[in-house]
Undergrad: 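Before anything else, here's the structure in question.
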Number of protein chains: 2
Amino acid sequence: MAGYPQFELDHQLCFALYTASRAMTRAYGPLLADTGLTYPQYVTLLALWRDPGQPRSVGELGERLHLDSGTLTPLLKRLAAMGYVTRSRDAADERRVLVTLTTDGLALRDRLAAVPMAIASCLGMAPSEGMALRDQLTTLTASLEATR
Amino acid sequence: MAGYPQFELDHQLCFALYTASRAMTRAYGPLLADTGLTYPQYVTLLALWRDPGQPRSVGELGERLHLDSGTLTPLLKRLAAMGYVTRSRDAADERRVLVTLTTDGLALRDRLAAVPMAIASCLGMAPSEGMALRDQLTTLTASLEATR
DNA sequence: CACGTTCATATTGCGTGCAATAGGATTGCG
DNA sequence: CGCAATCCTATTGCACGCAATATGAACGTG
């Protein structure tokens, strides 16, 4: 009574991806709990920590994170409410909103310095495997987004 | 000025996973639009199509899909409202709610028979690569969930 | 057979994701 | 310069995810 092998859950790349992504997000929970951050908020800070003195527009962050303003605007307001970033209109172009790390937001980078290693220890794979997997996923994302 | 290489966005497996998973979900959107299904609803139907005559409890579905009742209960109510499943208390154990495919819900399996192939053609990789990636992700999920 | 414990699902609250739309700023073309 | 097209962000609406809690059913021990 198989008949529809293409629908078998465990054969589907999409399902493995969906499940792994949520498992990863859950794994970050306990590591971020002290700071009150969610995983998407943490990722947003990763983008800002890259060059701490440099304000980023909502659009730049969205392009970097593959998120739109409908997600970022409220997320950034929460980061601002927690005191980790400030939001202000760009004087040179009043359409843009610039997001800047605060001292507290930058300080989080030190408080969370051990997080990547802690996650790495939960992956059950060698760093080289993780990097290979990461590169395959990045390629996959590019293919999926090219089909739009 | 690097200083924190462990925080580089493009070095993070978690971010590649997060981005790829959302890209995959978006890729399903147009393919499911005709049926009114979301991707999580589609995955739930995959679990039910496996053995169409067999009712599944909310708990069984949750274990299979790695989702809890907070997600599944409203999702299943929407599937029921669309006429694709029915929900009823198990007479043998009134705590349990049994989810059963309707005729329409089963018919979707034929209407969507081409979807897996359509997705496969967007992945930019050979089937064997996709299967290998899927298996790595499944292993990763197991490792992440073992650390709970 | 009472009754405390465990189990299965539902509800609540909050934070995403994302499509669709709105609203104000800037740009470019005539 | 005027103004339509474009750009950028915000808002709205809906559907997840998931932790925490509630509710009612079933079970187990005395």
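Residue numbers begin at 1 in each chain, while the letters A, B, ... track the order of the sequences. What you see is a predicted model; the values in this text were computed from it and never measured.
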Undergrad: Please confirm whether the shortest side-chain N or O distance from A:Arg26 to OP1 or OP2 of D:dG17 is below 4.0 Å.
TA: no

Undergrad: Starting at atom CG of A:Leu72, determine the distance to atom P of D:dT11, rounded to an integer number of angstrom.
TA: 14 Å

Undergrad: Measure the distance from CZ on B:Arg96 to P on C:dA10 and round it to the nearest whole Å.
TA: 12 Å

Undergrad: For the side chain of B:Glu60 and the backbone of B:Ser57, is there at least one donor-acceptor N/O pair under 3.5 Å apart?
TA: yes

Undergrad: Looking at A:Ser69 and A:Leu72, would you say the former's side chain and the latter's main chain have a donor-acceptor pair under 3.5 Å?
TA: no

Undergrad: Looking at residues 87-95 of chain A, who's got a heavy atom less than 4.0 Å off DNA chain D?
TA: A:Arg87, A:Arg89, A:Arg95

Undergrad: Which of residues 58-69 of chain B sit near DNA chain C, with a heavy atom under 4.0 Å from it?
TA: B:Val58, B:Gly59, B:Ser69

Undergrad: Does A:Asp10 pair with B:Arg50 as a salt bridge, N-O distance under 4.0 Å?
TA: no

Undergrad: What contact category does B:Ser57 fall into here, base, sugar-phosphate, or nothing, at under 4.0 angstrom with non-hydrogen atoms?
TA: sugar-phosphate

Undergrad: Quickly work out the A:Leu76 CG to C:dG17 P distance and round it to whole Å.
TA: 13 Å

Undergrad: Is there a side-chain contact between A:Glu129 and B:Gln136 (heavy atoms, below 4.5 Å)?
TA: no

Undergrad: Please check: side-chain N/O of A:Gln41 versus main-chain N/O of A:Thr38, any donor-acceptor pairing under 3.5 Å?
TA: yes

Undergrad: Give the table of side-chain donor-acceptor pairs shorter than 3.5 Å for residues 77-90 of chain A, with sequence neighbours excluded, one pair per line with atom names and distance.
TA:
residue: A:Tyr84; atom: OH; partner: A:Thr35; partner atom: O; Å: 3.1
residue: A:Arg89; atom: NH1; partner: A:Glu94; partner atom: O; Å: 3.1
residue: A:Arg89; atom: NH1; partner: A:Arg95; partner atom: O; Å: 3.0
residue: A:Asp90; atom: OD1; partner: A:Ala92; partner atom: N; Å: 2.8
residue: A:Asp90; atom: OD2; partner: A:Arg96; partner atom: NE; Å: 3.2

Undergrad: Can you name the atoms? Protein N/O to nucleotides 12-16 of chain C N/O, anything below 3.5 Å, with the distance.
TA:
residue: C:dT16; atom: OP1; partner: A:Thr38; partner atom: OG1; Å: 2.5
residue: C:dT16; atom: OP2; partner: A:Gln41; partner atom: NE2; Å: 2.4
residue: C:dT16; atom: OP2; partner: A:Arg78; partner atom: NE; Å: 3.0
residue: C:dT16; atom: O5'; partner: A:Arg78; partner atom: NH2; Å: 3.3

Undergrad: Do A:Val99 and A:Pro55 come within less than 4.5 Å of each other through their side chains, counting heavy atoms only?
TA: no

Undergrad: Taking only residues at least two apart or on different chains, which pairs with a member in residues 21-61 of chain A satisfy ring-ring contact (aromatic ring centres under 6.0 Å, His included)?
TA: A:Tyr28-A:Tyr39, A:Tyr28-A:Tyr42, A:Tyr39-B:Tyr18, A:Trp49-B:Phe7

Undergrad: Check side-chain hydrogen bond (donor to acceptor under 3.5 Å, both in side chains) between A:Arg56 and all other residues, then give those that pass, not counting sequence neighbours.
TA: none

Undergrad: May I ask you to verify if any side-chain N or O of A:Lys77 is less than 4.0 angstrom from the OP1 or OP2 atom of D:dT11?
TA: yes

Undergrad: What integer distance in Å separates B:Leu32:CG from D:dA15:P?
TA: 15 Å

Undergrad: Between B:Val43 and A:Phe15, is there a side-chain heavy-atom distance shorter than 4.5 Å?
TA: yes

Undergrad: Rounding to an integer number of Å, can you tell me how far B:Met82 CE sits from D:dC14 C1'?
TA: 12 Å

Undergrad: Rounded off to whole Å, could you give me the CG-to-P distance for the A:Leu98 and D:dA10 pair?
TA: 11 Å

Undergrad: Start with the C-alpha distance between A:Ser143 and B:Leu123, add both sets of side-chain angles, then the distance that settles side chain to side chain contact (heavy atoms under 4.5 Å, CB included), and finish with yes or no.
TA: CA-CA 6 Å; A:Ser143 296; B:Leu123 301 183; 5.8 Å; no

